[in-house]
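We count ligands from 1, going down the list as the structure has it; atoms in each ligand are counted the same way. What's counted below: heavy atoms across the whole structure, side chains too, no hydrogens, waters or symmetry copies.
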Amino acid sequence: MSFLLLIVLTFLLQGCVAVNVILQPTDTAREIGTNVTLACVVTDKTPSENVQWKHKPEGSDAFNALTFNENVLSDPTKYSIRWTYNLTVHNLQPEDAGLYRCTAGGVDYDATLTVVDLPDNVTIEMVGSPNIGETHNLTCKVFNGLPLPTVRWLINGVDMTSNAVIVNTSSTPNGMFYTEYFISD
Ligand SMILES: *[C@@H]1O[C@H](CO)[C@@H](O)[C@H](O)[C@H]1NC(C)=O
Ligand SMILES: *[C@@H]1O[C@H](CO)[C@@H](O)[C@H](O)[C@H]1NC(C)=O
Ligand SMILES: *[C@@H]1O[C@H](CO)[C@@H](O)[C@H](O)[C@H]1NC(C)=O
Ligand SMILES: *[C@@H]1O[C@H](CO)[C@@H](O)[C@H](O)[C@H]1NC(C)=O
Ligand SMILES: *[C@@H]1O[C@H](CO)[C@@H](O)[C@H](O)[C@H]1NC(C)=O
């Protein structure tokens, strides 16, 4: 076997056995309290190549390392690696939202995880009875929406949201707000 052929073979082998990501993570939204599995399924990983998961929480600039190959570096009740190298995040909480990055053989694959908490308590309140000629407030209260829900006021099917006053808006986890709407008879 000539020296040249050996070099060509070596190149071919290196080209063939580099890690190959056949299923990468995609943007995902899941309800609070559930588990989510993000895909990073690889083939042809050589022993010298590594696969790592990291998380960049919402509003943060820094990535936290979660796993290194099969090993969980962070809270083992929170994260697990399923058949190589899917990441499962257990019992989703607001702080689990953000960017997840699978780095395989030096290439980054990113996906955004949105943690959804449906408003658990939507009420419409009216104090007193409306009288002809006077202005009366209707109040819609929305509790615990994540991401911050969009509230619309429809009156006989007509969108009157632009007339509503948002009295309290908070975009913190479990953001709480309500809108007030004035109607006149
Ligand atoms: C990896 O995760 C993805 C997304 O949840 C899923 O479709 C796929 O079946 C998983 N693969 C394995 C081998 O668990
Ligand atoms: C979610 O993960 C927990 C372990 O943290 C497990 O006990 C539970 O069965 C999982 N839930 C589902 C729906 O797979
Ligand atoms: C839901 O709203 C009602 C009426 O405002 C209130 O009495 C009740 O405490 C609320 N429940 C929760 C869990 O916020
Ligand atoms: C309705 O609510 C707004 C905002 O809180 C308030 O300024 C206004 O006085 C209220 N009007 C009546 C008639 O209660
Ligand atoms: C919004 O309402 C909540 C509950 O009443 C209160 O804790 C919070 O300080 C309010 N935020 C603002 C910006 O008024």
If we count only N and O atoms by modelled type, under 3.5 Å, do the side chains of E31 and T34 hold a donor and an acceptor together? no
Would you mind writing out the side-chain donor-acceptor pairs for residues 60-69 within the sub-3.5 Å range, not counting sequence neighbours?
{"from": "S60", "atom 1": "OG", "to": "A62", "atom 2": "N", "distance (Å)": "3.1"}
{"from": "S60", "atom 1": "OG", "to": "A62", "atom 2": "O", "distance (Å)": "3.3"}
{"from": "T67", "atom 1": "OG1", "to": "W53", "atom 2": "N", "distance (Å)": "3.0"}
{"from": "N69", "atom 1": "OD1", "to": "V51", "atom 2": "N", "distance (Å)": "2.8"}
{"from": "N69", "atom 1": "ND2", "to": "N50", "atom 2": "OD1", "distance (Å)": "2.9"}

List, pair by pair, the atoms of ligand 1 and of the protein that are both N or O and lie under 3.5 Å apart, giving the separation rounded to 0.1 Å.
{"from": "ligand 1", "atom 1": "2 (O)", "to": "N86", "atom 2": "OD1", "distance (Å)": "3.4"}
{"from": "ligand 1", "atom 1": "2 (O)", "to": "N86", "atom 2": "ND2", "distance (Å)": "2.3"}
{"from": "ligand 1", "atom 1": "5 (O)", "to": "T37", "atom 2": "O", "distance (Å)": "3.1"}
{"from": "ligand 1", "atom 1": "11 (N)", "to": "N86", "atom 2": "ND2", "distance (Å)": "3.0"}
{"from": "ligand 1", "atom 1": "14 (O)", "to": "N86", "atom 2": "ND2", "distance (Å)": "3.2"}

Does any part of the side chain of K141, heavy atoms only, come nearer than 4.5 Å to the side chain of E125, both counted from C-beta? yes
Drop me the distance from L87's CG to Q52's CD, to the nearest 0.5 angstrom. 11.5 Å
Proximal ligand 2 atoms for N35, defined as those under 4.0 Å from one of its heavy atoms: 1 (C), 2 (O), 3 (C), 8 (C), 10 (C), 11 (N), 12 (C), 14 (O)
Distance (rounded to the nearest 0.5 Å) between I81 CD1 and E70 CD: 8.0 Å
What's the spacing between N91 CG and T77 OG1 if we round to 0.5 Å? 8.5 Å
For ligand 2, which atoms have a heavy atom of H90 less than 4.0 angstrom away? 1 (C), 2 (O), 3 (C), 4 (C), 5 (O)
Of V36, T114, V89, which is the lone residue that meets side-chain contact (heavy atoms from CB on, under 4.5 Å) with D96? V89
